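One structure is given here, and the rest of the page talks about it.
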Amino acid sequence: MGYIMEGVKEAFNLLLSLDREIYSIILLSIFVSFTSTIISAVIGTPIGLFLALKKFKLKKMVTRLLYTFMSLPPVVVGLFVAIIISRRGPLGHLGLLFTPSAMIIAQTLLITPIIMGITFNNAKEQGQEIRQICMTLGGNRWDTLILLIKEMRISILIAIVTGFGRAISEVGAVMLVGGNILGHTRVMTTFIAMNNSMGNYSMSIAMGTVLLVISFIVNSILYKYVVGD
Amino acid sequence: MEININGLMKDYGERTVLNIESLLFESNKLYGIIGPNGAGKSTLLRIISGLEQSTKGEILYNGCVLNKPILKHITFMSQRHYLLKTTVFNNIAYPLTLRKYHKKIIENMVDEIMMDLQLFELKDQLAISLSGGEAQKVALARALIFEPQLLLLDEPTANIDPNSIKLIEKLILKRNKEKKGTTLMITHNMEQARRLCDEVVFIENGKLKVQGKEKQVLV
Ligand SMILES: Nc1ncnc2c1ncn2[C@@H]1O[C@H](COP(=O)(O)OP(=O)(O)OP(=O)(O)O)[C@@H](O)[C@H]1O
Ligand SMILES: [Mg+2]
């Protein structure tokens, strides 16, 4: 049991030591996941709303696909992206493999369906009513989209935070496409996985604690917004 | 706005809930629509408002089929109205905001209608926290404020106290007197139909039974 306490102590030491390496890992993690969350939100939210409100032929099929994509295993996404951007892959000439950009691409693929799916689910229920109100009061399509986002802001926010939580905590995809290169693509989760496999439990626990704290902060901000509204 | 209905039919699955051969609503008149529960009154208004498609038949608005410019002049206050998650003021102002009215003008117009309906104290209150009747008055104010050429009201005074009913009726009558537009109002209150309406339409089992001056219909 001693090594757990050791790890927690190590966590404080880590954070207080202001070690540049550690902080760059934390910052890269946040940067990569934040960027992919923004991109996913911009793509996923309007498409999720659209799918929920439009009637079209293959809707059932698309819905089922969307739900499947919501639970894609990160390693599979990582593998897929790695194949596409590896030197011999179709996008190999871009030289993206083992870069932060590759990690952003992989995480974006991973969480866009999550944000889209959660938004879709909520809009199915309240969206129709909002759309009708906008229409009967003289709004056009653009007005409708804006009103939908405004009225559903809390559920959209929850979808986005869920996406961020998934992005920052996944390890499979960033490991495969990023390669866990020190000072370049090492993020919190790959740092934890590596230290764990090397038997540095205290380091893993320390970084794990940091990860938890970040999740806690993000969710507290969300909670405050939801309750304060 | 004149509404001309021809051979209108609405089916839900096997069941025909609306079947109206011909019905004319003249410009700037106030019509009452009455009939038992499930008769098809709300369905008729939803179809006229463009929220729902008919199975068969045609509706002409001033001689034209429904299109986007016409839609801008129609509004429908449904039995289950939805208020926006914002203040009472913003709710009532919303149709004017959509039409890009000047801020000062919006403020004056909203203030005026809030006075008329005695909603002024609720101005900055969040719509979610309103009582049922208050919310209904807000929804009505929001529908009236931009003076639509066609106003469709689905039981606007159900759940409203007697004093507020008077206020609402006054506003509807004023709109009618000033020839601001056509109004179709569903009501279960015969007395109210007699008090307000130029003509009354009686619907039963999806069919038009009588249309005429209130006296003929209501005997
Ligand atoms: N989406 C729907 N699917 C199936 N049936 C429906 C649907 N909407 C309405 N109906 C049926 O159509 C009939 C007419 O409904 P409508 O709401 O128009 O009645 P109404 O005259 O407004 O009644 P009320 O006075 O109770 O409001 C009802 O029998 C109702 O059950
Ligand atoms: Mg009804």
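Note that this is a predicted model, so its numbers are computed, not measured. Just so it is clear, the values below take in all heavy atoms, side chains as well, and ignore hydrogens, waters and symmetry mates. Every chain is numbered from 1 and lettered A, B, ... according to where its sequence line falls, protein lines coming before strand lines.
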Best-contacting candidate, B:Lys68, B:Arg142, B:Lys72, against chain A by heavy atom pairs under 4.5 angstrom: B:Arg142
[atom1] of [X] to [atom2] of [Y]: how many Å apart, nearest 0.5 Å?
X: B:Phe146; Y: B:Tyr94; atom1: CZ; atom2: OH; answer: 11.5 Å
X: B:Glu155; Y: B:His188; atom1: CD; atom2: NE2; answer: 4.0 Å
X: B:Leu184; Y: B:Ile48; atom1: CG; atom2: CD1; answer: 5.5 Å

Ion pair check, B:Lys41 and B:Asp154, cut-off under 4.0 Å: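 So B:Lys41 does not pair with B:Asp154 through a salt bridge.
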Short side-chain to backbone donor-acceptor contact, A:Thr144 and A:Arg131, under 3.5 Å: no
Would you mind checking which part of [X] comes under 4.5 Å of any heavy atom in chain A, side chain (CB onward), backbone (N, CA, C, O), both or neither?
X: B:Leu83; value: backbone
X: B:Phe76; value: both
X: B:Ile74; value: backbone
X: B:Arg99; value: side chain

Pick from A:Ile130, A:Asn140, A:Thr136 with the largest number of heavy-atom pairs that fall under 4.5 Å of chain B: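 The candidate making the most pairs under 4.5 Å is A:Thr136.
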